[in-house]
Number of protein chains: 2
Amino acid sequence: MTEPANPIQTPKGTAADLIAAGLLLFGRQGFAATSTRALAAQAGTNIASIAYHFGSKEGLRRACGEEVARRIGAALSGVTALPATTPEAARAQLELILRRMAVFVTTSRAAEPLLPFMLREVAEAGPVLDAVYSALFEPLHRRLCALWAAATGQEAESARTRIVVFSLIGQVLYFRIGRPIVMRRMGWTGFGADEAEMLAEILVANLHALLDRERLS
Amino acid sequence: MTEPANPIQTPKGTAADLIAAGLLLFGRQGFAATSTRALAAQAGTNIASIAYHFGSKEGLRRACGEEVARRIGAALSGVTALPATTPEAARAQLELILRRMAVFVTTSRAAEPLLPFMLREVAEAGPVLDAVYSALFEPLHRRLCALWAAATGQEAESARTRIVVFSLIGQVLYFRIGRPIVMRRMGWTGFGADEAEMLAEILVANLHALLDRERLS
DNA sequence: GTCTATAAACAGATAGAC
DNA sequence: GTCTATCTGTTTATAGAC
């Protein structure tokens, strides 16, 4: 989730160009609305190369999903591997993850072509979703559930824990999904340069409020 | 078109059947992936009737958007019109709105064909979005911002208020969007009959925690 | 590996009978 | 208003030259 000092090297060649085009156009317009001609044009190649490299348009979609899973998985590994021995440590790690998520969805350059593609796949429940999901949402859900359980003493598998984790992730994702349309329709001029900071601050305040309340009950 | 005596009752006839088919299939597969033939088959009519009643496939999409706006607007009018004179009243109304949203996204039969269609339009940023948005998200955002401002004494137009409102709505919507895939992938068997109750309870607890923390700072 | 040309299927829209 | 048959353009996938 952090920007690596040495940014992930994107492979070169026609296949990589097509995957980049797929991430961009599938994410921007959706799978069905994107023609193979548009993909080839965006990649600076011809239509036939899609069949040559990926078998079909659907194959390119799959390759895009695997590429996303690969990059996201690498970016998340540092987050999902941290241990949490005490409630205090679990709380601190929940806070850390939320801060990184806030930065990721608002300002991370790495997220730019990946996030729209992923959100599309979630919305379309496409066949690629499992790869993306198992690389991102599943470890994130599991990790947050485990941390919440460690911080509160509740069951990680309980419905309550699950719903709380849903709400934590949902706050971040809806912020990303809804921001463009809300800003356009309501004439909001933007949140400024400190947008990520402010979102993170509110997410963390929200988290601590939830945890404190949980401890009291 | 005359207003039916029972507002829940859906109008009859081929045009209404096509709108119902559009809400269902556009919501399920997306606009681009849904063919006019599939729409006609779902509605139990022929392809030509789409052009006859709505001019084009795009016209049917617009009519679906207006239908959603009409129904949602009616369902929301009671919520967005309530006055809030004191901070305590504002807090109580925030709680009420969250409870209604929780019920709406989890158990309301009325939401079933509408919500997937709306979420698609949001994801696709389709041309219908403005009608849907102005009927639902805009009054909801404005109302929640105003209530939050009334409950905390903050500015309704401030970035902080906007982000808080985003997070409130996001918790509910992501719960609806992410639930199917998370349940499928993680083997969750469901949240039980009291799902809406539990979601509402957590949303409300979240709200009070946020408000209390806001008052202290 | 890359490309042009094309095949086969499909899309949305329409003409015209009823 | 409804429907069948059809037009026109576009889609994905492929064949075959280089």
Side-chain angles (χ1 to χ4, degrees), chain A residues 9-67 117 120-121 124-129, chain B residues 1-2 4 9-67 117 120-121 123-129:
Chain A
Q9 191 100 20
T10 44
K12 295 185 176 180
T14 302
D17 290 343
L18 282 170
I19 289 178
L23 289 176
L24 182 70
L25 296 183
F26 290 156
R28 197 178 275 172
Q29 318 166 348
F31 179 78
T34 303
S35 70
T36 51
R37 278 169 176 78
L39 289 164
Q42 174 69 33
T45 181
N46 55 80
I47 327 173
S49 61
I50 295 174
Y52 177 80
H53 287 284
F54 307 102
S56 66
K57 183 186 172 189
E58 193 66 45
L60 175 56
R61 174 190 227 174
R62 212 174 308 120
C64 288
E66 285 159 8
E67 174 68 13
F117 178 86
R120 284 274 181 194
E121 288 297 322
E124 300 187 7
V128 175
L129 190 51
Chain B
M1 191 181 292
T2 53
Q9 190 162 353
T10 48
K12 295 184 177 180
T14 301
D17 290 342
L18 281 169
I19 289 178
L23 290 175
L24 181 70
L25 296 184
F26 290 155
R28 196 178 277 172
Q29 317 168 348
F31 179 78
T34 303
S35 70
T36 51
R37 282 167 175 80
L39 289 164
Q42 174 69 34
T45 180
N46 55 81
I47 326 173
S49 61
I50 295 174
Y52 178 81
H53 285 286
F54 306 103
S56 67
K57 184 187 173 188
E58 193 66 46
L60 174 56
R61 175 190 227 174
R62 211 175 308 120
C64 288
E66 285 160 7
E67 175 68 12
F117 178 86
R120 283 273 183 194
E121 288 297 323
E124 299 186 8
V128 174
L129 190 53

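Rounded to whole Å, atom C1' of D:dA13 lies 16 Å from atom CZ of A:Phe54. Regarding A:Gln29, its CD atom lies at a distance of 11 Å from the P atom of D:dT11, rounded to whole Å. Spacing between atom CG of A:Asn46 and atom P of C:dT6 amounts to 16 Å, rounded to whole angstrom units. Remark: C1' of C:dG12 and CZ of B:Phe26 are 12 Å apart, rounded to the nearest angstrom. Nucleotide D:dT11 holds its P atom 13 Å from the CG atom of A:Leu25, rounded to whole Å. One interatomic measurement links the two molecules: CG of A:Leu60 to P of D:dA13, which rounds to 10 Å at whole-angstrom precision. Atom CG in A:Leu18 sits roughly 13 Å away from atom P in D:dA13 (whole-Å rounding).
The shortest distance between the side-chain N/O atoms of A:Thr45 and the OP1/OP2 oxygens of C:dC3 is below 4.0 Å.
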Between the protein and nucleotides 13-18 of chain C, which nitrogen or oxygen pairs are less than 3.5 angstrom apart?
unit_1	atom_1	unit_2	atom_2	d
C:dA13	OP2	B:Lys57	N	3.0

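Rounding to the nearest 0.5 Å places CZ of B:Arg120 at 5.0 Å from CD of A:Glu124. B:Leu25 contributes atom CG, which lies 10.5 Å from atom CG of B:Leu18 (distance to the nearest 0.5 angstrom). Taking CZ of B:Arg62 as the start and CD of B:Glu67 as the end, the distance is 15.0 Å to the nearest 0.5 Å.
Put simply, the side chain of A:Ser49 never gets that close to the backbone of A:Tyr52: no donor and acceptor are under 3.5 Å apart.
Applying the salt bridge (charged side-chain N to carboxylate O under 4.0 Å, His left out) rule to B:Glu66 yields no partners; only residues at least two apart in sequence or on another chain are considered.
The side-chain tip of A:Lys57 points at the ring of A:Phe31 from less than 6.0 angstrom away and within 45° of straight on.
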